[in-house]
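One structure below.
Residues: numbered from 1 along the sequence shown.
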Amino acid sequence: MEIVGQLQKQFVDFSTSLYHEGFLDEQYLQLQKLQDESNPDFVCEVVSLFFEDSEKLLNNLATALQQQVVDFKQVDAHVHQFKGSSSSIGAQRVKNMCVAFRNFCEEKNLEGCLRCLQQVKHEYFLVKNKLETLFRLERQILEAGGTVPAIA
């Protein structure tokens with residue numbers, strides 16, 4: 001059972017770092033509270049949907065910004081949707097980047113929008129990687145016969 005203890009400590013330390021580094025916020029904790037025995041994969045399923053939607057939104061944003069005449073209202077609508085979905089899972093740094101992105105849309109600033117697209121992609125892939133690592137740790141704990149510690 002020593003391996004379970006090590007994995008649990010790793011899980012707690014890693015989870016805590018995600019909050020301290022601003023990757024996740026209180027909303028992620030709220031999501032976790034909705035998960036129970038009747039729906040043990042709830043958080044993973046919700047986050048997986050976020051990943052799928054995000055990839056589509058990022059592609060739509062890249063396409064919209066490459067047009068001869070950029071429709072900044074359309075770009076803003078995509079960014080607004082991305083901001084909402086990242087906010088709903090607690091992806092704080094992605095959400096914050098979307099706020100800056102929307103300001104550039106309002107100003108119809110193509111250079112600013114293109115820069116923000118790169119930064120939003122960067123933050124998205126960082127949080128995606130971190131959450132995948134977190135889910136992998138959860139699976140390892142469960143496979144080793146342990147229980148996943150609650151993060152307060």
Side-chain angles (χ1 to χ4, degrees), residues 1-65 75-106 109 111-152:
M1 280 312 261
E2 190 178 312
I3 187 83
V4 171
Q6 290 172 347
L7 287 169
Q8 287 170 327
K9 182 184 181 337
Q10 221 179 334
F11 177 85
V12 169
D13 292 347
F14 188 71
S15 296
T16 303
S17 76
L18 294 180
Y19 293 99
H20 289 303
E21 294 171 26
F23 286 104
L24 298 176
D25 64 18
E26 182 68 26
Q27 186 59 37
Y28 188 79
L29 291 175
Q30 296 302 317
L31 261 186
Q32 287 181 312
K33 289 178 184 174
L34 297 173
Q35 183 167 292
D36 57 21
E37 286 95 34
S38 67
N39 200 352
D41 297 325
F42 177 75
V43 174
C44 191
E45 289 169 7
V46 169
V47 171
S48 293
L49 288 172
F50 167 72
F51 291 159
E52 287 173 29
D53 289 346
S54 297
E55 306 273 334
K56 289 177 197 156
L57 282 169
L58 288 169
N59 287 332
N60 290 344
L61 280 166
T63 301
L65 288 170
V75 173
D76 185 60
H78 291 313
V79 176
H80 182 70
Q81 187 179 350
F82 196 25
K83 178 179 164 254
S85 60
S86 32
S87 179
S88 72
I89 69 144
Q92 184 176 356
R93 286 169 45 165
V94 174
K95 177 191 74 177
N96 292 344
M97 202 65 245
C98 287
V99 171
F101 200 152
R102 291 194 73 200
N103 290 334
F104 285 116
C105 289
E106 262 182 50
N109 179 333
E111 290 303 311
C113 285
L114 289 169
R115 245 190 343 270
C116 275
L117 176 60
Q118 293 312 309
Q119 291 171 314
V120 153
K121 276 184 181 178
H122 177 74
E123 289 300 336
Y124 164 72
F125 285 112
L126 275 175
V127 79
K128 181 179 183 195
N129 183 279
K130 303 273 186 191
L131 286 168
E132 286 171 343
T133 299
L134 193 65
F135 295 147
R136 195 166 36 255
L137 277 169
E138 282 183 11
R139 278 193 307 277
Q140 289 173 336
I141 290 168
L142 295 172
E143 287 167 4
T147 56
V148 177
I151 307 297

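Nearest heavy atom pair, residue K130 against residue F14, reads O-CE2, 3.3 Å. For L31 against V43, the heavy-atom pair with the smallest separation is O-CG2, 3.7 Å. Nearest heavy-atom pair, L117 versus A62, reported as atom, atom and distance to 0.1 Å: CD2-CA, 3.7 Å. The shortest heavy-atom contact between V79 and C98 is CG1-O, 3.4 Å. When all heavy atoms of T16 and V12 are compared, the pair lying nearest together is OG1-O, 2.7 Å. The heavy-atom pair separating F104 from C116 by the smallest distance is CD1-SG, 3.4 Å.
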Item to complete: Test M97 against H122 for side chain to side chain contact (heavy atoms under 4.5 Å, CB included), laying out the working first.
Response: CA-CA 10 Å; M97 202 65 245; H122 177 74; over 6 Å; no

Item to complete: Let me see the working for I151 and F11 under side chain to side chain contact (heavy atoms under 4.5 Å, CB included), right down to the final yes or no.
Response: CA-CA 9 Å; I151 307 297; F11 177 85; 3.9 Å; yes

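Rounding to the nearest 0.5 Å places CD of Q81 at 10.5 Å from OG of S86. The CG atom of L58 sits 9.5 Å away from the CD atom of Q118 when rounded to the nearest 0.5 Å. Atom CG of L131 is separated from atom CG of L24 by 5.5 Å, given to the nearest 0.5 angstrom. In this structure, the separation between CG on L57 and NZ on K83 is 14.0 Å, given to the nearest 0.5 Å. Of the inter-residue distances, the one linking L142 atom CG with Q140 atom CD reads 10.5 Å to the nearest 0.5 angstrom. Taking NZ from K128 and CZ from F50, the interatomic distance works out to 10.0 Å, rounded to the nearest 0.5 Å.
Between the side chains of Y124 and E55, a donor-acceptor pair is found at a separation under 3.5 Å.
Side chain of S88 to main chain of S85: a donor-acceptor pair is present (N/O by atom type, distance under 3.5 Å, no hydrogens or angles). Within the 3.5 Å criterion, the main-chain N or O of E21 finds a donor-acceptor partner in the side chain of R93. For the pair Q92 (side chain) and F23 (backbone), a donor-acceptor distance under 3.5 Å is absent.
Counting heavy atoms from C-beta outward, N96 and E123 have side chains that stay 4.5 Å or more apart. A 4.5 Å side-chain heavy-atom check between T147 and I141 finds every atom pair outside the cut-off. Between D76 and E106, every side-chain heavy-atom pair lies at or beyond the 4.5 Å cut-off. The shortest side-chain heavy-atom distance between Q8 and V4 falls under the 4.5 Å cut-off. Y19 places a side-chain heavy atom less than 4.5 Å from the side chain of Y28. Between F101 and V75 the shortest side-chain heavy-atom distance falls below 4.5 Å.
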